[in-house]
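Remember, it's 1-based here, ligands and their atoms both numbered in the order they're listed. FYI, the numbering just counts along the sequence from 1. FYI, side chains are in, hydrogens and waters are out, and symmetry mates aren't considered; it's all heavy atoms of this structure.
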Amino acid sequence: MMNRRRILTLAGATGASTLAMPFVRPSWAQSGAVRVGLLLPYSGTYAALGEAITNAMQLYVTQQGGKLGGRAIEFVKVDDESAPPKATENTTKLVSGEKVDVLCGTVHSGVAMAMAKIARENGLPTLIPNAGAEAITRAMCAPNIFRTSFGNSQVGDATGMAMLKAGVKKAVTVTWKYSAGAESVDGFKKSFLKGGGEVIKDITLPFPDVEFQSILAEVASLKPDAVYSFFAGGGALKFMKDYHAAKLNEKVALWGAGFLTDGVEKAAGPAGDGVKTALHYVDSLDNAENKKFIADYTAAFKKAPDVYAVQGWDSMQLLRVGLEAVGGDVTKRKDMFPAMAKAEFKSPRGPFKLGTSHNPIQNFYLRELRGGENKYLGVAAEMLADDTTGCKMA
Ligand code: PHB
């Protein structure tokens, strides 16, 4: 009962009730719909990320008449709170409690690892609309697990290339201390050190802490050319604001994986001016899919989409390909998964395709935040693939 009440509450909290589609109607009887379980953060520092992903998925399905592959889609949501210790229980709630047909989650790498472990065991079609935990598309890769976002090191790698090109020689890294931060820094070092850059210190703080003062003082005393950072959501906004308030931006250029600015461009205000990042999306990408996506999303939710929304959107595009290949029969996994692996479609980020480990191979763009908007400065890395080390598809 607790579970049902929670799902309903969350539906209201994300504005789902404003859209005309069978969304989050907790149907315990057989409804004929494909039940898509959403394991996403709807509270905490990543709450806005979970909401953007959900909004875009909901919008895509609505535009398809509420159906994919001829089957109605019903979403069932669980707030994972970006809490790894609760991840197994929360995934089990969806898989065994709600008996979902498709699993979709999540944002936080630590939560995603626990979810992926369960998904590997039960073989459910599984979509990852954000978390970049590398093992998921390396040693833990599986025929039923598909990522529509990125590998953590992929983004760091692209940002390192852009920083070298901009003439940065000495950097300090600042990240949350969990797998995504560590892998992001590893990716950054892959290109930055190889190109002759030097990292003088790696500074971390526990997730999701936002006490940055002593870190900022340390960066100031280390005097690097630039900081490479990995933060996202509410924590990213606070980091940019504190960095600016300490006037550190006047001495040390602030760079980061593009999550630093996505979704918080406007809220950052002047604190965001001059922050440079690389990411597989930028709002101003000049393609028809992106323009329509931005217009439709903004009309539906009264705010601009971001990279998280793009990833949610593409998760539903990928699910559509899979369901169409099997006439909506989600149990026909042998036909559904190969169709998804080969899927190519137009994404707001540009062309979408997956590598052999089911992680996107994609362009990364250099962006600079100015006046509340990420400006496109060029391509940071073209059709960059993540390592597939250790991936053996069964
Ligand atoms: C992750 O934990 O993998 C993660 C979280 C938030 C982001 C990017 C990656 O924006």
**Message:** Distance under 4.0 Å to a non-hydrogen atom of Ala131: what atoms of ligand 1 satisfy this?
**Reply:** 3 (O)
**Atoms of ligand 1 close to Asn130 [distance to a heavy atom under 4.0 angstrom, numbered from 1]** = 4 (C), 5 (C), 6 (C), 7 (C), 8 (C), 9 (C)
**Message:** Is it the case that ligand 1 has an N or O less than 3.5 angstrom from some N or O of Tyr308?
**Reply:** yes
**Full working for side chain to side chain donor-acceptor pair (under 3.5 Å) between Ser184 and Tyr228** = CA-CA 10 Å; Ser184 182; Tyr228 171 80; 2.6 Å; yes
**Request:** Could you tell me which atoms of ligand 1, counted from 1 in the order shown, lie closer than 4.0 angstrom to a heavy atom of His108?
**Result:** 2 (O)
**Request:** Measure the acute angle between the ring planes of Phe259 and Phe230, then classify it against the limits of 30° and 60° as parallel, tilted or perpendicular.
**Result:** perpendicular
**Asked** Does a donor on one side chain and an acceptor on the other come within less than 3.5 Å for Thr54 and Tyr42?
**Response** yes
**Prompt:** Which of the atoms in ligand 1, numbered in the order shown and given with their element, are less than 4.0 Å from a heavy-atom of Ala232?
**Reply:** 6 (C), 7 (C), 10 (O)
**Prompt:** Any chance the side chains of Gln154 and Asp386 put a donor and an acceptor closer than 3.5 Å?
**Reply:** no
**Message:** Under a 3.5 Å cutoff, is there a donor and acceptor pairing between the side chains of Arg138 and Thr389?
**Reply:** no
**Prompt:** Any idea which atoms of ligand 1 are less than 4.0 Å away from a heavy-atom of Asn152?
**Reply:** 3 (O), 9 (C)
**Asked** Below 6.0 angstrom between ring centroids: does that apply to Phe231 and Tyr243?
**Response** no
**Prompt:** Among protein heavy atoms, which lies nearest atom 4 (C) of ligand 1, and at what distance?
**Reply:** Val107 O, 3.4 Å
**Prompt:** Cut-off 3.5 Å, side chains only: do Ser153 and Asp186 have a donor facing an acceptor?
**Reply:** no
**Fill in**
So the atoms of ligand 1 within less than 4.0 Å of a heavy atom of Ala180 turn out to be 1 (C), 2 (O), 3 (O)
**Asked** Is ligand 1 under 4.0 Å from a heavy atom in the side chain of Trp176, in the backbone, in both, or in neither?
**Response** neither
**Item:** Atom indices of ligand 1 within 4.0 angstrom of Phe230 heavy atoms, with elements
**Value:** 4 (C), 8 (C), 9 (C)
**Request:** Classify the angle between the aromatic ring planes of Tyr46 and His108 as parallel (below 30°), tilted (30 to 60°) or perpendicular (above 60°).
**Result:** tilted
**Item:** ligand 1 N/O within reach of Tyr178 N/O, cut-off under 3.5 Å
**Value:** yes
**Nitrogen or oxygen atoms of Gly132 and ligand 1 under 3.5 Å apart** = yes
**Message:** We want to know whether Asp202 and Thr173 form a side-chain donor-acceptor pair, criterion being a heavy-atom distance below 3.5 angstrom.
**Reply:** yes
**Asked** Is ligand 1 under 4.0 Å from a heavy atom in the side chain of Phe150, in the backbone, in both, or in neither?
**Response** side chain
**Message:** Heavy-atom distances under 4.0 Å decide this one: backbone, side chain, both or neither, for Ser109 against ligand 1?
**Reply:** both
